[in-house]
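Heads up: the structure comes next, in structure tokens.
So you know, we letter chains A, B, ... as the sequences are listed, proteins then strands, and number each from 1. Quick caveat: nothing in here was measured; it's all calculated off a predicted structure.
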Amino acid sequence: MEESHLPSRAPGALPGRPLPQTNLADILERVLDKGIVIAGDIQINLLDIELLTIKLRLLIASVERAQQMGINWWESDSSLHSLGPGEENGGGRLEQENRELRERLERLERQLGVGEGSKESSARD
Amino acid sequence: MLRAGDRYPADLTGVQASGPVERVEAAGLAALVSLVPGAEFGAEPLRGNLNDLAWLERVARAHEAVLERTLGMSTIVPLRLCTLYESESSVQQMLERERDSFVEALDALSGRQEWGVKVLVDPDKLAAEARANSDEAAALEQELSARGGGGAYMLRRRLERHLRELSDALAREVAEHVHARLQDWAIDAVTRPPQNRDLSGHEGEMLLNAAYLVEADRVGELGDLVAELEAHHSNVGVRVELTGPWPPYNFVPGGGAEAIA
């Protein structure tokens, strides 16, 4: 959850750990992924899917950040994002469809003598 | 992993709370080790346990605590979590085999520390700042207030997309600036992906997650530089979070995912 108010940084002239207990994310991204890697007697294959699941979960960018960067392909209305000058396909087609439908509707309304664009309104009769 | 003659805390608790940390020496080096039960650390149970966050947290914190306490006394080179050997002599053989690369690492890291830097920003302030500096945003907003009906919806989406792009560009600018200044000043630097909020519990947007290798006696300067950068970017509500000193996980020669043996 995003919050607009950030807590103030711990004061002090010298840098130091701001929290009494070290952040688990800081620890895990170091001990799991860094340091000297030597194959011990017990083989731990880091490509093992189960371990990789943790690594993926812990080490990749959050979904919120990905969305912020415009990586939103999973959103159902993605076609609405492709607007603006120079855009092809996607949104352009949708806009064109809307235009065509509107024009058809106006034509039909004129033929029937109804609707706002109609020159022959019932008021005249 | 230390040089054989170097000091380490006498009362270290190992990865298993019931057992002490022991020292295994060979080839002029000393490895700090914990005796652990096969029932938890054997190949099969280990796979399950590594996926149990509570277990992983306990073991990771204990592992890090040993390194952290020793860091205050000697140059120490961290090995990755769960590097396991069946016997003391197996550890000694490893030390003899890897002696050259370990000595190289210890020499390269003498008198140096790793410090972590995270740049966090208030997303609302970031967005407001980005918006304030854009003529195009102002123009779109004017057009939007003049137009009504169905056309306004499409225009609003376009404005939103534009504002997102502006925010992202500004975020990148801030992150790049902070990292460039720190990298310039430090001995070495690495960047990491932003952390997962579920794990880190951080507030705001994480724009940068980096580690820097610095001379231990210049750490005061690092604090000053961080304060300066925070002030410089106060218009976007930046907080530069400093953690350290860390054992030099990110700066062991050949460190990272490549195996040595």
Side-chain angles (χ1 to χ4, degrees), chain A residues 1-9 12-19 21-44 46 48 50-51 53-54 57-65 67-70 77 80-84 91 95 98 102, chain B residues 43 46-47 50-51 57 60-61 63-64 77-86 90 94 98 105 115-116 120 122-124 154 157-158 161 164 167-168 192-197 199-200 203-205 219-220 222-223 226 237 239 241-244 246 249-250 252 255-261:
Chain A
M1 205 48 57
E2 315 248 342
E3 293 187 28
S4 55
H5 172 68
L6 294 176
S8 58
R9 183 163 163 256
L14 291 175
R17 296 187 195 275
L19 303 165
Q21 196 190 36
T22 309
N23 190 292
L24 184 60
D26 288 345
I27 292 180
L28 288 180
E29 73 179 13
R30 286 176 166 84
V31 305
L32 283 179
D33 203 33
K34 294 290 175 178
I36 290 188
V37 177
I38 302 177
D41 289 341
I42 295 175
Q43 299 297 322
I44 303 171
L46 272 194
D48 192 302
E50 289 138 49
L51 184 56
T53 305
I54 296 186
R57 192 154 54 84
L58 299 177
L59 301 175
I60 62 175
S62 67
V63 167
E64 298 158 296
R65 183 64 187 145
Q67 280 182 327
Q68 260 210 322
M69 289 163 67
D77 61 343
L80 292 174
H81 292 280
S82 49
L83 295 173
E95 275 196 81
N98 281 344
R102 237 177 316 181
Chain B
L46 191 58
R47 243 200 300 276
L50 284 170
N51 283 284
E57 175 167 3
R61 285 192 187 281
H63 174 98
E64 165 60 16
V77 166
L79 266 61
R80 203 182 54 188
L81 191 73
C82 288
T83 306
L84 298 158
Y85 296 90
E86 276 163 7
S90 199
M94 180 273 288
E98 306 297 337
W115 283 80
L120 298 151
D122 179 336
D124 293 336
M154 292 300 207
R157 295 307 299 253
R158 192 173 139 198
R161 183 166 140 271
R164 271 201 303 276
S167 256
D168 291 343
R192 310 271 313 157
Q195 292 173 338
N196 186 323
R197 194 190 304 279
L199 193 65
S200 66
E203 292 175 33
E205 273 310 307
V219 162
L222 177 60
V226 159
R239 188 167 132 245
E241 195 178 276
L242 202 52
T243 58
W246 289 94
Y249 290 97
N250 282 286
V252 291
E258 319 118 40
I260 290 179

Distance check, rounded to the nearest 0.5 Å: [X] atom [atom1] versus [Y] atom [atom2]?
{"X": "B:Glu64", "Y": "A:Leu24", "atom1": "CD", "atom2": "CG", "result": "11.0 Å"}
{"X": "A:Glu29", "Y": "B:Asn250", "atom1": "CD", "atom2": "CG", "result": "7.5 Å"}
{"X": "A:Leu32", "Y": "B:Arg80", "atom1": "CG", "atom2": "CZ", "result": "8.5 Å"}
{"X": "A:Arg30", "Y": "B:His63", "atom1": "CZ", "atom2": "NE2", "result": "12.0 Å"}

Which heavy atom in [X] sits nearest to a heavy atom in [Y], and how many Å separate them?
{"X": "B:Ser90", "Y": "A:Asp41", "value": "OG-OD2, 2.6 Å"}
{"X": "A:Ala25", "Y": "B:Leu199", "value": "CA-CD2, 3.7 Å"}
{"X": "A:Lys34", "Y": "B:Tyr249", "value": "CB-O, 3.5 Å"}
{"X": "A:Val31", "Y": "B:Ala60", "value": "CG2-CB, 3.9 Å"}

Mind checking whether A:Gln21 and B:Arg61 have side chains closer than 4.5 Å, heavy atoms only?
yes

Do A:Leu28 and B:Glu57 come within less than 4.5 Å of each other through their side chains, counting heavy atoms only?
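In short, these two side chains do not touch, never coming nearer than 4.5 Å.
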
Evaluate B:Thr243 against A:Asn23 for side chain to side chain contact (heavy atoms under 4.5 Å, CB included), listing each step before the verdict.
CA-CA 9 Å; B:Thr243 58; A:Asn23 190 292; over 6 Å; no

Could you walk me through whether A:Ile38 and B:Met94 satisfy the side chain to side chain contact (heavy atoms under 4.5 Å, CB included) test, starting with their C-alpha distance in whole Å, then the side-chain angles of each, then the deciding distance to 0.1 Å, before giving a yes or no?
CA-CA 9 Å; A:Ile38 302 177; B:Met94 180 273 288; 3.6 Å; yes

